[in-house]
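Keep in mind the model is a prediction, meaning the values are calculated, not measured.
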Amino acid sequence: MVNVIIYLSQNEFAEELAKDLVGSGLAAGASIDIDNSHFVKQGVVVVKTVHTVITLQSKALLFSDIVEFVESFLGEEVPIYSVPIAQTDERFHQLIRERTINT
């Protein structure tokens with residue numbers, strides 16, 4: 001089980017993308033964080049960037065399918081990362097298994 005984090009440069013398609021990922025069975029659930037501030041150092045200057053971030057829960061084996069789905073939906077490469085869900089109660093684990101497609 002993983003949390004998949006998708007960074008969008010704008011929020012124009014975030015809600016539709018999140019709904020489609022859940023509707024397709026690639027994600028068990030998704031949340032959207034608008035105006036997520038991110039700070040990076042470029043040389044000696046700290047630069048602020050703002051993204052819309054979609055976080056979803058899924059099976060680790062679906063990660064490649066999620067990347068393909070997002071890139072086909074948006075027509076471009078976007079930063080997508082996954083973070084393992086190392087520990088969870090059985091109810092949450094079962095919820096992800098039931099709400100995602102079989103791998």
Side-chain angles (χ1 to χ4, degrees):
M1 303 300 159
V2 292
N3 279 315
V4 177
I5 304 159
I6 305 166
Y7 288 90
L8 305 174
S9 57
Q10 54 188 345
N11 66 356
E12 182 178 356
F13 302 108
E15 188 170 326
E16 184 179 353
L17 177 57
K19 284 181 180 179
D20 286 356
L21 283 162
V22 173
S24 71
L26 290 173
S31 61
I32 300 172
D33 177 20
I34 298 173
D35 294 331
N36 178 278
S37 296
H38 179 74
F39 296 88
V40 295
K41 190 171 182 181
Q42 294 180 345
V44 296
V45 178
V46 175
V47 177
K48 175 183 174 181
T49 59
V50 178
H51 298 94
T52 296
V53 179
I54 299 173
T55 304
L56 55 94
Q57 296 74 43
S58 188
K59 297 173 184 165
L61 291 174
L62 292 175
F63 182 77
S64 294
D65 295 326
I66 292 168
V67 171
E68 284 181 27
F69 187 95
V70 171
E71 290 179 353
S72 69
F73 184 95
L74 296 174
E76 61 186 63
E77 290 185 22
V78 296
I80 304 174
Y81 308 94
S82 71
V83 179
I85 300 173
Q87 299 176 350
T88 181
D89 61 34
E90 183 57 32
R91 185 182 57 82
F92 186 66
H93 189 263
Q94 185 65 28
L95 182 124
I96 293 173
R97 284 193 307 220
E98 290 173 356
R99 292 187 180 176
T100 54
I101 59 176
N102 291 325
T103 53

Got a sec: does the [atom1] of [X] have more than 12 other heavy atoms crowding it under 6.0 Å?
{"X": "Gln87", "atom1": "CD", "answer": "no"}
{"X": "Glu76", "atom1": "CD", "answer": "yes"}
{"X": "Glu71", "atom1": "CD", "answer": "yes"}

What heavy-atom pair brings [X] and [Y] nearest, and what distance separates the two atoms?
{"X": "Ile101", "Y": "Ser24", "value": "CG2-O, 3.5 Å"}
{"X": "Glu15", "Y": "Ile32", "value": "CA-CD1, 3.6 Å"}
{"X": "Arg99", "Y": "Ala28", "value": "CD-O, 3.6 Å"}

Say you draw a straight line from [atom1] of [X] to [atom2] of [Y]; how long is it, rounded to the nearest 0.5 Å?
{"X": "Thr52", "Y": "Asn36", "atom1": "OG1", "atom2": "CG", "answer": "8.5 Å"}
{"X": "Thr55", "Y": "Asp33", "atom1": "OG1", "atom2": "CG", "answer": "7.0 Å"}
{"X": "Met1", "Y": "Ile96", "atom1": "CE", "atom2": "CD1", "answer": "5.5 Å"}
{"X": "His93", "Y": "Gln57", "atom1": "NE2", "atom2": "CD", "answer": "13.0 Å"}
{"X": "Ser82", "Y": "Leu62", "atom1": "OG", "atom2": "CG", "answer": "11.5 Å"}
{"X": "Lys19", "Y": "Ile54", "atom1": "NZ", "atom2": "CD1", "answer": "12.0 Å"}

Indicate if [X] and [Y] have the same hydrophobic cluster label, given that clusters are the connected sets of ILVMFWY residues with side-chain heavy-atom separations under 4.5 angstrom.
{"X": "Val70", "Y": "Val67", "result": "yes"}
{"X": "Leu26", "Y": "Val2", "result": "yes"}
{"X": "Leu21", "Y": "Phe73", "result": "yes"}
{"X": "Phe69", "Y": "Val4", "result": "yes"}
{"X": "Leu17", "Y": "Val78", "result": "yes"}

Note to self: In the structure I gave you, are the side-chain heavy atoms of Thr88 and Gln94 within less than 4.5 Å of one another anywhere?
What the structure shows: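 No, every pair of side-chain atoms sits at 4.5 Å or beyond.
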
Check: Hey, does Val22 have a side-chain heavy atom less than 4.5 Å from the side chain of Leu56?
Finding: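 Leu56 vs Val22: side chains apart.
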
Margin query: Go through it in stages, so that I can follow the logic: the residues are Lys59 and Asn102, the test is side chain to side chain contact (heavy atoms under 4.5 Å, CB included), and I'd like the CA-CA distance, side-chain angles, deciding distance and then a yes or no.
Written below: CA-CA 9 Å; Lys59 297 173 184 165; Asn102 291 325; 4.1 Å; yes

Checklist line | Side chain Asp89, main chain Phe92, donor-acceptor under 3.5 Å | finding: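 Answer holds: yes.
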
Note to self: Quick one: does any side-chain atom of Thr49 pair with a main-chain N or O of His38 as donor and acceptor, under 3.5 Å?
What the structure shows: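 Such a contact is found between Thr49 side chain and His38 backbone.
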
